[in-house]
Each structure stands twice: as structure tokens, then as C-alpha cells.
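Note on naming: letters A, B, ... go to the chains in the order of the sequence lines (proteins, then strands), and numbering restarts at 1 for each one.
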2 protein chains.
Amino acid sequence: MGKADIHDVAKAAGVSISTVSRAFTRPELVSAKTRAKVLAVADQLDFNISRSATALKSGRTNRVALLMNESITSWFNTQVFAGLESAMHPAGYDISLFQHIDTAENRRDFFTNLPIRRNVDAVVVASFAIDPHEVEQLRRIHVPIVGINIPSDEGFDASVSIDDEEGMRKATQHLIGLGHHRIVYPCSEAVKNLDASIDARTRGFVRACEEAEDRHDIDWRVLTVPRGPEFVDSALAALLALDEFPDAICCQMDMMAIPLMVKLERYGHRTPRDYSIIGFDDSPYADTLNLTTMRQDPYAMGRKAALKALDLMQGKTLETPHETVEAQLVLRGTDAPYHG
Amino acid sequence: MGKADIHDVAKAAGVSISTVSRAFTRPELVSAKTRAKVLAVADQLDFNISRSATALKSGRTNRVALLMNESITSWFNTQVFAGLESAMHPAGYDISLFQHIDTAENRRDFFTNLPIRRNVDAVVVASFAIDPHEVEQLRRIHVPIVGINIPSDEGFDASVSIDDEEGMRKATQHLIGLGHHRIVYPCSEAVKNLDASIDARTRGFVRACEEAEDRHDIDWRVLTVPRGPEFVDSALAALLALDEFPDAICCQMDMMAIPLMVKLERYGHRTPRDYSIIGFDDSPYADTLNLTTMRQDPYAMGRKAALKALDLMQGKTLETPHETVEAQLVLRGTDAPYHG
DNA sequence: TTGAAAGCGATACCAA
DNA sequence: TTGGTATCGCTTTCAA
């Protein structure tokens with residue numbers, strides 16, 4: 001028991017192994033009676049088709065690789081994974097996860113050894129600044145390569161990215177449109193060649209401010225603080241040290257905005273009464289705590305990437321291989337018109 | 001190209017396929033020179049050992065199943081997954097994820113069809129109240145079954161669980177020890193047979209209160225609110241509707257405690273000045289927002305479960321198949337002695 | 001509708 | 001140290 005193979009089932013059902021195989025994967029080619037018999041016997045013997053054998057025979061692996069920066073535990077990565085999974089699992093694919101492809105060492109390791117070579121049917125690269133040489137290496141796997149939030153389409157068969165710069169520009173314009181004058185952008189340092197979206201967001205903020213300078217009298221600044229677990233407190237301190245407290249705060253992400261608004265209240269600065277604050281992501285607690293923010297939907301991006309990969313694996317040609325989605329302004333309770 | 005197989009490599013390297021195979025998986029059985037030659041040729045031809053073929057030949061699948069309640073995107077599930085992955089990936093196993101094994105329909109579906117039968121080398125069941133009959137079905141897969149936070153060890157080859165009841169009892173005792181008198185436990189309804197840990201935590205709270213009643217003059221109550229996206233606001237409303245505001249709030253999880261403390265402040269109730277509040281989990285923001293809480297470490301539980309599964313797959317016998325870990329009190333800034 | 005048999009790509013035993 | 005070969009479990013063509 002627990003050892004029944006296709007021959008055992010065939011024998012017990014009084015048919016050939018071909019018929020057993022067909023009963024599972026080509027039911028329409030087997031008479032209803034035979035099929036019922038086979039499936040009943042199979043269930044009794046705890047038999048099931050072996051995915052390894054099917055894979056070997058078919059030449060496919062039924063596996064896709066997901067490469068990501070950092071850990072899957074970040075909000076963004078988890079959502080991407082879940083989105084991918086939502087389409088890949090039903091299609092019969094497992095996701096082979098490669099985390100922490102970020103340090104120089106890990107990257108060299110991965111891209112030169114290519115452990116996934118000949119062992120995945122597609123590769124999805126999630127949100128990191130992969131360099132052209134690395135893409136080049138990836139192509140040697142000879143399977144579709146799909147990117148999510150990658151800095152350049154070059155070398156990718158498909159991609160779906162959010163326009164971080166435009167998203168942050170919209171966020172900033174919203175604050176300016178509300179009449180705010182003193183706008184601060186607290187921001188943790190970006191790691192070079194890694195946090196493409198952090199840089200893009202900062203650019204969006206700066207651009208919006210520069211564009212508005214002609215028409216509005218605004219005083220804006222980027223407040224860069226060191227990376228690390230203390231980045232919120234660093235930003236808080238920097239904010240409180242300002243000669244004049246801002247009337248609007250534009251945050252690179254909700255993880256900055258949420259603790260900031262909570263802590264600022266303890267110092268007497270209450271939003272939206274005293275200042276407006278806007279986040280980016282629409283991540284956990286943004287809703288409950290009523291944070292106005294720019295929504296991005298990494299789950300949807302993961303799912304779209306999966307659908308594209310699925311099509312490519314079937315040899316289809318995509319109508320729109322490369323897609324850009326926009327962040328959406330979600331108005332909630334932390335923004336209000338300026339009332340000097 | 002991209003189509004080189006083991007024969008091509010063998011030919012190009014002037015050796016047999018046996019030698020190519022050994023160069024990859026039994027390097028010590030091949031002369032250094034031959035091996036170097038083979039590997040060089042293989043790299044050039046973009047060749048790599050096929051996991052499907054290896055799996056077929058070896059009889060193993062190099063795949064484990066992870067069954068979970070709800071979605072992988074919850075904090076707990078993500079951490080468990082990451083912990084599992086941290087041990088499984090290096091060992092060469094993929095994780096085949098089955099989410100949402102929660103509704104009656106999905107459960108019946110999964111446990112009667114057993115899609116993983118003969119296709120995984122182990123099963124990990126994460127944190128849900130699987131019933132004995134379902135475990136019975138699972139056993140038909142004839143592979144090790146490891147549980148994480150399962151209600152009963154019965155039928156499991158190994159498990160690692162947190163003692164929710166004892167954890168919440170400790171949390172409550174801490175509040176009582178601080179001298180608090182009016183203690184409220186806001187709690188969202190548990191789904192029967194699903195949220196084992198919610199029930200256990202409530203029991204822990206009740207037990208601690210009952211045990212203390214002799215020695216202390218305490219007024220405690222469980223405030224049950226409906227499940228759903230509004231559960232925090234429901235709890236907030238119920239709290240504010242109380243004749244007298246409590247001096248201590250004991251929460252079933254951080255996701256209750258965090259928004260609650262933020263919102264209560266807007267109503268003039270500030271912690272720890274006016275009341276103490278304690279969470280459970282030590283999930284994101286607990287640290288940054290300085291929440292006193294009971295820490296559980298689902299990453300570690302996932303990893304431990306993986307290690308146990310790995311041992312079991314190798315046929316080893318575990319010294320301590322079933323393990324219980326305790327939640328740890330993490331003292332931060334939201335608790336203070338009662339000062340009526 | 002069903003059966004026989006070749007073959008997918010590696011592994012490991014047995015020989016050399 | 002290396003090579004030949006049977007074998008893992010299934011799919012699929014071809015024949016019956």
C-alpha cells in the first residue's frame with residue numbers, strides 16, 4: 001500500500017496502463033464505464049498520476065521561477081507572490097522561489113550558476129534593478145522572462161510595471177492643489193541599483209514641485225534619512241527639528257506615513273487639522289487608519305505577469321507584452337485644504 | 001540551442017552519459033580533469049541536470065505541500081511560508097501551496113480529490129482546525145504529515161504549536177499584576193472549527209481573570225464583535241459605549257490593538273497614561289509604534305516544521321516530534337502600573 | 001475503444 | 001575511473 005503504480009491499477013481494473021493513463025488525462029477517449037472502474041480502483045489503491053513522469057515525458061517542468069529582492073515577507077513581495085500563485089496554481093505550475101537576489105554575492109552566485117536552467121518553464125523577475133548583463137545570463141535558460149517593476153524592458157519577453165514617478169507626481173500635485181505651501185518629502189536612502197522605485201518616486205515629487213513653482217509659492221524639500229529600522233524616528237526627528245513645521249507631508253511609502261502620523265499626534269501635530277499627509281502603496285492599516293494614499297496593486301501585477309507567462313509558455317504572441325499601470329489616488333481622511 | 005541534452009554534452013566532452021551524470025551529482029567519482037571538461041561543455045551548451053528525470057528515477061518528488069487557511073498574504077501565513085522556505089529551498093524542495101482550505105466546499109474538494117497524492121514527499125498543515133476525518137484522508141498520501149498550530153496531534157507525525165491559551169493568560173496576568181481593575185478583552189467572533197487559536201486565546205484571558213478574582217478586585221469582560229473589515233470600529237464603539245472606560249485592554253491580536261490605540265487617542269484616551277493595552281503576535285508596526293505585546297514567531301515555527309519534515313523524509317525518527325512553544329511577553333511602551 | 005511499445009532524461013549496477 | 005544498460009512512470013503513436 002502506498003506503493004501502487006500504474007501497472008497495479010491496470011491489473012486491478014483489468015485494463016492496460018494506456019487506458020489508466022487516459023482515464024486520468026484524456027477522459028474523453030475512454031468509455032464511461034471503463035473510466036469509472038479505473039478511477040474507483042485508483043482511488044482505492046491511493047494511486048494518482050505522477051507529475052514527475054508527466055513532466056519528464058512532456059518536456060515541460062511545470063515549474064516557474066520567481067526571483068526577488070529581499071524577503072518574501074515584505075508587503076509588496078507577498079502580494080506579488082499571491083497574485084502569481086493565483087494564476088499559476090490552477091494552471092498546474094509550482095513556483096520555485098529565489099529570495100534575496102540582492103547582495104552582490106547572491107547575485108553573482110545565482111546568475112552564474114543558473115540553478116534553474118532547464119528546470120523551469122518561465123522566469124518572473126519581481127521588482128529589482130536587474131542589470132543588462134544579468135538579463136543576458138537569464139536568457140540562456142531559453143524560457144520566457146517576465147518582469148514586474150523592472151527598470152528596463154530590454155531583454156524581457158513581457159513585463160508589467162507601475163509608474164512610480166508619475167504616481168508620486170500625482171500625489172504631490174494633489175497636495176499642492178489643496179493649497180499647501182510647505183511640503184516635505186521624508187525619504188529613506190535608496191540602495192544604488194536596487195531600489196529603482198524609491199528613486200523614481202523621489203523624482204516624481206521633485207518634478208511636481210518644480211513644475212508648480214511658477215504658479216505657486218511653495219517651499220518644498222526632500223528630507224533624506226538613513227536606511228534601517230530607525231528610519232521613521234529619524235524622519236520624525238528631522239521633521240520636528242524644522243524651523244517651521246510643514247503643512248503637508250508626502251511619503252515615499254505607507255510604512256513611512258503610518259507611524260509618522262501616529263507619532264506626530266503625540267507631539268501635538270494632528271492630521272488633517274494641522275497638516276496633510278499622503279502615503280504610497282495602500283498597504284495594511286492604511287484603510288483602517290484612514291490614510292490618504294496612492295494605491296498600487298502588486299497582487300494584480302503578479303497575476304498579470306503570470307497570465308503573460310502562461311500565454312508565452314503556450315507559444316502565444318502577446319498583444320501588449322509590456323504594460324504600465326498607474327497608481328491610484330485613494331482619498332481618505334488625512335488630507336484637507338490648506339487653511340493657513 | 002537551448003535543446004542540448006545529456007547525450008549532446010557527452011558527445012561534445014568525449015565521454016559517456018554516465019560520466020556526465022556523475023560529474024554533476026557524484027563529482028568525487030570523476031577525475032578532476034574529466035569533470036572540469038564536462039562542466040565546461042555543459043555550461044557552454046546551457047545544459048543542466050533535469051529535476052524531473054532525477055525525481056522520476058529516484059522515486060521522490062522534491063516537492064512538499066503546504067496547506068493553509070485563508071490566503072498566504074496574512075502576516076502569520078507569510079511568516080510560516082518564509083520559515084518553511086528557508087529550510088526547504090536549500091534542501092532542494094519546492095513548496096506546492098494550497099491556500100483557502102477553509103470553506104466547506106474547498107475542504108471537501110481537497111480532501112477527497114487529494115491532488116497531492118503521490119506528488120509530494122511531505123505535507124505541512126498550517127494553523128487550522130483540520131478535523132480527524134480529514135487527517136485520516138491525508139494519511140492516504142503515505143508521506144510525513146507535519147502540523148503547525150493544529151488543534152490535536154492525532155494523526156500527525158510531527159507538529160509545532162504555540163500555546164495560545166497560556167500566552168494570553170500570561171498577557172492578562174501581566175495586566176492584573178500591574179494593578180488594573182477594569183479589564184476588557186475585545187474580540188472578533190471565531191468561526192467554528194476554524195479559528196482554534198482565537199478560542200484558545202479567549203480561554204486564556206478568561207482563565208487568568210477567574211484565577212485572580214479571589215485575590216484581586218477586578219471587573220473583567222469579553223467584548224465580542226462581529227467578524228469583518230469593521231471589527232476594529234465595532235470594538236471601538238463598544239469600548240466607548242461602556243459606562244466606565246477600562247484601565248486595561250487585552251487584545252486578541254495586534255491587528256486589533258494597533259488601530260485601537262491609535263483611534264482611542266483621538267477620543268482622548270491615551271496609552272499608557274490613561275490605560276494599558278497589550279497585543280498578541282508582535283506583527284508589523286508593533287515595534288515602531290511601541291506596542292507591548294505577546295510575541296509569537298511563525299517564521300521559526302515554519303522553519304522547525306520544515307526541519308522535522310526533512311528528517312522524517314530521510315526516514316529518521318524524531319526525538320521530540322511534537323513541540324509546543326510559548327509566546328513571549330515583549331514589554332514596550334503601552335503598559336504601565338495602575339494609578340487610579 | 002483499447003493495447004503494445006518506444007521514448008522522455010537521469011541513475012546505478014555491473015563490467016571493463 | 002569510465003561505459004553500457006536496465007529502469008523509473010507516464011504519454012502517445014500505431015495497430016487491432
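Nucleotides of DNA chain D lying under 4.0 Å from heavy atoms of chain A occupy a range whose first and last members, 5' to 3', are dG9(D) to dT13(D).
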Between side-chain atoms of residues 79-86 of chain B and protein atoms elsewhere (two or more places apart, or another chain), which donor-acceptor pairs fall under 3.5 Å?
from   : atom 1 : to      : atom 2 : distance (Å)
E85(B) : OE2    : H89(B)  : ND1    : 3.1
S86(B) : OG     : G83(B)  : O      : 2.7
S86(B) : OG     : R303(B) : NH1    : 2.9

Show every donor-acceptor pair shorter than 3.5 Å between a side-chain atom in residues 148-156 of chain A and any protein atom, with sequence neighbours excluded, or say none if there are none.
from    : atom 1 : to      : atom 2 : distance (Å)
N149(A) : OD1    : I162(A) : N      : 2.8
S152(A) : OG     : E154(A) : N      : 3.0
D153(A) : OD1    : S159(A) : OG     : 3.3

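For the side chain to side chain contact (heavy atoms under 4.5 Å, CB included) with I130(B), the lone residue among I145(B), L138(B), I101(B), N69(B) that qualifies is L138(B).
Between the axis at the start and the axis at the end of the helix from dT1(C)-dA16(D) to dA16(C)-dT1(D) there is an angle of 30°, using five pairs per end and rounding to 10 degrees.
In this structure Y93(B) satisfies the ring pair (Phe, Tyr, Trp, His ring centres under 6.0 Å) test with no other residue, sequence neighbours excluded. Checked against ring pair (Phe, Tyr, Trp, His ring centres under 6.0 Å), Y299(B) has no partners two or more places apart in sequence or in another chain. In this structure, F76(B) has no ring pair (Phe, Tyr, Trp, His ring centres under 6.0 Å) partners at least two apart in sequence or on a different chain. Not counting sequence neighbours, R22(A) has no partner by the salt bridge (charged side-chain N to carboxylate O under 4.0 Å, His left out) test. For the salt bridge (charged side-chain N to carboxylate O under 4.0 Å, His left out) test, residues two or more places apart in sequence or in another chain that qualify with K304(B) are E323(B). Residues satisfying the salt bridge (charged side-chain N to carboxylate O under 4.0 Å, His left out) test with R108(A), not counting sequence neighbours, are none. Partners of K33(B) under the salt bridge (charged side-chain N to carboxylate O under 4.0 Å, His left out) rule, at least two apart in sequence or in another chain, do not exist in this structure.
V20(A) comes within 4.0 angstrom of nothing in the nucleic acid, heavy atoms only.
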Quiz item: How does protein contact run along nucleotides 7-13 of chain C, one letter per nucleotide 5' to 3', with B for base contact, S for sugar-phosphate only, - for none, heavy atoms under 4.0 Å?
Solution: BBBBBBB
